[in-house]
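All ligand and atom numbering here is 1-based and tracks the order in the structure. Throughout, numbering of the chain's residues begins at 1 and tracks the sequence.
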Amino acid sequence: MAGFSSRAASMLVVFLVLLSFSEAREFLVGGKADAWAVPSSESQSLNKWAESKRFNTGDILVWKYDSAKDSVLHVTKEDYVNCNMSSPIKQYKDGETKIVLDRPGPFYFISGTKDHCEKGQKLVVVVMSPRNRASTISPAPSPAVEIDGPAVAPAPTSTASPFKAAGVLVVALMGFSAALLI
Ligand SMILES: *[C@@H]1O[C@H](CO)[C@@H](O)[C@H](O)[C@H]1NC(C)=O
C-alpha cells in the first residue's frame with residue numbers, strides 16, 4: 001500500500017504547513033524602523049498600517065525608535081482618545097519594544113512624548129478571536145416570545161462551530177490536492 005502511505009505522508013506535510021501558519025508572527029509597527037513618529041499625513045498614519053494587517057493572539061508588535069526622544073505607552077481606550085499620558089497601563093522606553101498580543105480585542109498605544117499623540121502618533125490594534133473561541137461561547141437561552149398569538153420558540157442553535165468545520169474542510173481539501181500531485 002505505497003499509495004496510501006505516501007498520501008498519508010503528504011497529508012501530514014500539509015498539516016504541518018498549516019500549523020506553521022498559525023505560529024506567532026512579529027510585526028514591525030508601521031512596517032519600518034522609524035515609523036513610531038508623528039505621521040506626516042493621514043495616509044501615513046499607523047492606524048492605516050494596522051488596518052491592513054490581521055493580528056492573532058500570540059503575535060508580537062515590535063517598535064523601533066530613538067529611546068532618547070520617544071517611548072511607547074500602552075493605555076486604556078479613554079486615555080488613547082484623550083491622549084492622556086498620565087497613567088499608562090504600562091510604559092516602554094528601551095528603543096526596541098516588543099509587546100505580545102496575548103488576548104483578543106483592542107490594544108491602545110500612544111507616544112510618551114508631549115504633543116505627539118495629539119499630532120497623530122497613536123495606534124490601535126485589534127486582535128482576532130482564536131478560531132476555536134466560537135465553540136466555547138453559547139448564546140444565552142432566550143425564552144419563548146408571545147406576540148398576539150401562538151408562542152414563537154427561538155430556533156435551536158447548533159453547537160457545532162462553523163469555523164472549526166471550515167478549518168477541517170480546508171485541511172481535507174489541501175491534503176486531497178497534495179495527494180493528487182504525488
Ligand atoms: C488623565 O488621567 C488621569 C488619571 O486617569 C486623570 O486624573 C486626569 O484627569 C486625566 N486628564 C485629562 C486631561 O483627561
#### Entry: Check against side-chain contact (heavy atoms from CB on, under 4.5 Å), F109 and Y80
CA-CA 7 Å; F109 304 98; Y80 170 88; over 6 Å; no
### Task
Report, as yes or no, whether the 6.0 Å neighbourhood of atom CD on E26 holds more than 12 heavy atoms from other residues, nucleotides or ligands.
yes
## Note on the structure
At a 4.0 angstrom heavy-atom cut-off, ligand 1 is contacted by N84, S86, S87
### Task
Might you point out which heavy atoms bring S129 and P104 nearest each other, and give the distance in Å?
CA-CB, 3.9 Å
### Message
Show me the pairs that pass salt bridge (charged side-chain N to carboxylate O under 4.0 Å, His left out) and involve residues 67-92, at least two apart or across chains.
### Response
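Output for this query lists D66-K69.
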### Message
Does V75 form a side-chain contact (heavy atoms from CB on, under 4.5 Å) with F107? I'd like the steps, not just the answer.
### Response
CA-CA 8 Å; V75 296; F107 287 75; over 6 Å; no
### Query
Taking atom CD of Q91 and atom OG1 of T97, what is their separation to the nearest 0.5 Å?
10.5 Å
